[in-house]
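As the structure lists them, so they are numbered: ligands from 1, and atoms in each ligand from 1.
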Amino acid sequence: MSRVYNFSAGPACLPVEVLQKAQEQMLDYQGTGMSVMEMSHRSKAYEEIIGAAESNLRKLMNIPENYKVLFLQGGASLQFAMVPMNLLSKHKKAHYVNTGLWSKKAIKEAKRFGEVNVAASSEDQTFSYIPKLSADMFTPDADYVHITTNNTIYGTKFKEIPETNGIPLVTDMSSCILSEEVDVSKYGIIYAGAQKNIGPAGLTIVIIRDDLIGNVAEIPTMLDYKTHADAGSMFNTPPTYAIYIAGLVFEWLLDLGGLGEIQKVNERKAAILYDYLDNSGFYKGTARREDRSLMNVPFVIGDPEMEKKFVAEAAAAGFVNLKGHRTVGGMRASIYNAMPVEGIEKLTAFMEAFKKNNA
Ligand SMILES: *Cc1c(COP(=O)(O)O)cnc(C)c1O
């Protein structure tokens, strides 16, 4: 068996320890004589799995009592619709900050349900930076403010939580959740598809403040946060196996010492890669320095043929999925929690060898 270094933006690599534990428990989960996939979601064994997953996530993120944790389906993309459907209750208007393709999709969807004010955008420079925000951009005639904390495709990230004058702040954290410490109390809703930094595809996590639930009538049952909050994410069959694997990832993070510890590792990894890019004289990072992501690192050589060669030779050497997003080209290394420091050290050594052979 040989494993590659997988730099995919998502679905992405998972901790080997988690995969091994899942393998050990595959045929007989703790004496039940069945795999978690085969279990009733109403069984005692499964109730313990989902209960532990929630309490470990609460511990990791220090989630206050007045927030619900929901295990949903439909991806972050369904949240683009559920957020406006559930939150446009009073003003029927929301402020959005446009920092990339995922923000644009969220904006497009919100427009179906109410008025959208794009308060700031970085589209003028291909989303290579985070626009400066000030509280006065967010007039009080809105039900919420929406940001995308980490921009997976462009490799930018909000380093500060915007001041919103008391308007609930909603964020898409799909590609940075659990990568560093976070103050949940600053947000009304945090949502994330699981397949980047949490677990397998098919699970979406929503962390929502109690007062934002149940303020709009006439929402289809499955799209109403209240349905899932009232039923403890068990209104219908939840994505049971994905929740189980996510739970193993939460345990893995707690064993490492929590988000403060993984943040240090992530900062080290990003520093190795960005320092190399900045000093290589061959590769160039595309995001503005002060807005750089810890999780997604896009870079270019500047010659599409050379970039194609780079991606192919990297893959042959065991560094896979380095091709940039189709809308921006170049390369992108996604270096989520499960990517070890060693993977970054070996990648930069490969990059140096490639440069020597091709510069
Ligand atoms: C991947 C991604 C999405 C889309 O997620 P799905 O779960 O596939 O719907 C949305 N937002 C961000 C920031 C992403 O990285």
Side-chain angles (χ1 to χ4, degrees), residues 6-14 70-85 94 96-110 112 121-123 126-131 144-159 161-162 169-180 182 187 189-207 222-223 228 233 238-239 241-243 245-246 249 266 286-287 291-298 321 323-328 332-339:
N6 180 6
F7 294 91
S8 169
C13 56
L14 285 166
L70 309 179
F71 296 112
L72 306 181
Q73 302 187 53
S77 298
L78 183 56
Q79 294 311 306
F80 297 164
M82 278 178 75
V83 166
M85 285 176 103
Y96 276 69
V97 181
N98 181 15
T99 52
L101 191 78
W102 297 118
S103 302
K104 280 176 82 163
K105 290 193 175 182
I107 289 165
K108 186 174 172 211
E109 208 60 19
R112 297 174 190 276
S121 169
S122 53
E123 194 164 15
T126 4
F127 301 115
S128 58
Y129 71 103
I130 298 290
Y144 64 93
V145 174
H146 182 283
I147 63 168
T148 311
T149 300
N150 185 77
N151 296 280
T152 324
I153 295 170
Y154 307 92
T156 62
K157 191 199 128 188
F158 282 86
K159 305 265 156 106
I161 304 175
L169 179 61
V170 176
T171 186
D172 177 355
M173 279 200 191
S174 293
S175 51
C176 64
I177 192 167
L178 303 178
S179 65
E180 59 185 339
V182 57
Y187 298 92
I189 296 181
I190 295 171
Y191 65 87
Q195 69 275 19
K196 277 134 192 179
N197 216 11
I198 298 174
L203 167 66
T204 310
I205 289 186
V206 174
I207 299 162
M222 278 295 285
L223 303 180
H228 303 287
S233 303
Y241 198 76
I243 293 169
I245 298 286
V249 171
N266 287 330
T286 54
D291 300 323
R292 282 170 164 176
S293 166
L294 273 185
M295 297 279 99
N296 310 96
V297 183
N321 290 318
K323 192 170 182 299
H325 189 270
R326 58 193 148 74
T327 58
V328 288
R332 171 178 51 172
S334 294
I335 53 175
Y336 299 119
N337 288 349
M339 174 59 63

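The side chain to side chain contact (heavy atoms under 4.5 Å, CB included) with Pro238 is formed by just one residue from the set Leu203, Leu70, Ile243; it is Ile243. With Thr149 as the fixed residue, the side chain to side chain donor-acceptor pair (under 3.5 Å) test singles out one of Thr171, Thr99, Thr156, Asp172: Thr171.
Ring-plane geometry between Tyr96 and His146 is classed as parallel, the angle between the planes falling under 30 degrees on a 0 to 90 degree scale with a further cut at 60.
At a heavy-atom cutoff of 4.0 Å, ligand 1 is surrounded by Gly75, Ala76, Ser77, Phe80, Trp102, Thr148, Asn150, Thr152, Asp172, Ser174, Ser175, Gln195, Lys196.
With sequence neighbours excluded, no residue forms a side chain to side chain donor-acceptor pair (under 3.5 Å) with Ser179.
In terms of heavy atoms, His228 sits closest to Met222 at NE2-O, 2.9 Å. Taking both residues in full, the closest heavy atoms of Asp291 and Lys159 are given as C-NZ, 3.8 Å, listed atom of the first, atom of the second, then distance.
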